Number of protein chains: 2
Amino acid sequence: MGVKNRYSKMLKRENLRNTSHRQSILEVMEASKEPVSAETLYLTLRDKGISISMSTVYRALDVLVERNIIAKTDFTDNNRSLFEIKREEHRHHLVCVKCKKIIPVTECPFHEYASALEERFGFSITSHKLEMFGYCRKCNKDSDEK
Amino acid sequence: MGVKNRYSKMLKRENLRNTSHRQSILEVMEASKEPVSAETLYLTLRDKGISISMSTVYRALDVLVERNIIAKTDFTDNNRSLFEIKREEHRHHLVCVKCKKIIPVTECPFHEYASALEERFGFSITSHKLEMFGYCRKCNKDSDEK
DNA sequence: CTCCTTAATGGGATTGATTCGCATTTGCAT
DNA sequence: ATGCAAATGCGAATCAATCCCATTAAGGAG
Ligand SMILES: [Zn+2]
Ligand SMILES: [Zn+2]
Ligand SMILES: [Zn+2]
Ligand SMILES: [Zn+2]
């Protein structure tokens, strides 16, 4: 099954119209390794020759977050929200504080820790986010050379 | 050593002037169990009879984050940034998605996982944030009763 | 395929948080 | 006490995000 068809099904399942803009947005997000901002999305689409307005980008992001197809990340690119498509595996991120590169990591070591907390606080955890900040290989090297 | 004196020392160490506004801001943040927004801080201070402007609040928050005395949290209260004072132990949070209650947790299960990633990606991790989302005890109970 | 209903969109105006510019005040070193 | 740079206040400016409303288009019925 093609990617487009998969998106159609997702949208239909959620009772959302299968518009070309939503298709394009999902394609760009699927292709992107890193979380993207609304503006990046907008510019990327325009570069691809797609005419779309910012309102539409924001509205599509909202509804897709609401329907659990994409996620708003909890770290921001100075006060600008970032979004990523939900993949099968959940992810954590290594965020380089210098060059802003974001490396996704799929291992998650938190299950036991989480159940201990659930018990202790009577809290049901439905999701979690872990971000790690520091210096990537390249930025480490650059500062060595100084 | 009194709290005020402790703040003076912190500020002096960072070459920041020991102003009464910075003192007040740090006091409020120290007293607050949960992360606070700039506006909450502003209103709390005014309630205490302290005259201060929003610019000053924002500027103080900026410089204190920069000097590592407080931290900007990675979750927002709809597009409003939240800040908390750095305590001796670092913290994670259980955030109730329903009532917005935030429970701080001081245990951190992170270290081995972190070193494995550092090695694999050549990334130096300097800090990390973990937030868990779900339903607190009270909100769990409320939905049982439905 | 055509018609119809209603969701989706464009684009401009608006909101709301955060930042900036500049005149004034205050901390603090001497 | 004096002088100067840092900090502050207040209003203006900025910038992401949201809202409004007129127009377009998805997709179900026939
Ligand atoms: Zn880097
Ligand atoms: Zn995880
Ligand atoms: Zn709750
Ligand atoms: Zn930790």
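Throughout, a chain's letter reflects where its sequence line sits, starting with A, and its residues are numbered from 1. The shown structure was predicted, so the numbers you read here are calculated from the model rather than taken from an experiment.
- Aromatic pair A/His92/A/His128: ring centres closer than 6.0 Å.
- Heavy atoms of A/Ser51 sit under 4.0 angstrom from primed sugar atoms or phosphate atoms, though from no base atom.
- Contact between B/Glu30 and B/Ile85 at its shortest, heavy atoms only, is OE1-CD1, 3.9 Å.
- Contact annotation: A/Ser53 reaches the phosphate of C/dG10 (side-chain N/O to OP1 or OP2, under 4.0 Å).
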Practice task
With salt bridge (Lys or Arg N to Asp or Glu O under 4.0 Å) as the test, would you mind laying out the steps for A/Arg22 and A/Glu14 before giving the verdict?
Solution key: CA-CA 13 Å; A/Arg22 286 174 181 161; A/Glu14 297 294 338; over 6 Å; no

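- Heavy atoms of B/Ser81 sit under 4.0 angstrom from primed sugar atoms or phosphate atoms, though from no base atom.
- The shortest heavy-atom contact between B/Gln23 and B/Ser8 is NE2-OG, 3.3 Å.
- For A/Arg59 and C/dT9, the shortest distance from a side-chain N or O to OP1 or OP2 is not below 4.0 Å.
- At whole-Å resolution of the value, OH in B/Tyr58 and P in C/dT18 are 3 Å apart.
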What's touching nucleotides 24-28 of chain C from the protein side, N or O pairs under 3.5 Å?
unit_1: C/dG27; atom_1: N2; unit_2: B/Arg17; atom_2: NH2; d: 3.0
unit_1: C/dG27; atom_1: N3; unit_2: B/Arg17; atom_2: NH1; d: 3.3
unit_1: C/dC28; atom_1: OP1; unit_2: B/Asn18; atom_2: N; d: 2.7

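- When the C1' atom of C/dT5 is taken as reference, atom CG of A/Asn15 falls 15 Å away, rounded to whole Å.
- Each of B/Asp62 and A/Ala60 lies near DNA chain C, and the nucleotide nearest A/Ala60 is the one positioned closer to the 5' end.
- Taking every heavy atom of both residues into account, A/Ile52 and A/Tyr42 meet most closely at O-CE1, 3.1 Å.
- Note: CG (B/Leu43) to P (C/dA17) measures 11 Å, nearest angstrom.
- Between A/Pro104 and B/Phe121, the closest heavy-atom pair is O-CZ, 4.5 Å.
- First and last contacts of DNA chain D with chain A, using any nucleotide atom under 4.0 Å from a protein heavy atom and ordered 5' to 3', fall at D/dA16 to D/dG27.
- In this structure, the CZ atom of A/Arg67 is 8 Å from the P atom of C/dA8, given to the nearest Å.
- Using a 4.5 Å cut-off on side-chain heavy atoms (C-beta onward), A/Leu117 and A/Phe123 make no contact.
- More than 12 heavy atoms of other shown residues, nucleotides or ligands fall within 6.0 angstrom of atom CZ in B/Arg67.
- Tested against A/Ser24 for a side chain to side chain contact (heavy atoms under 4.5 Å, CB included), the candidates A/Leu41, A/Leu45, A/Thr19 yield a single pass: A/Leu45.
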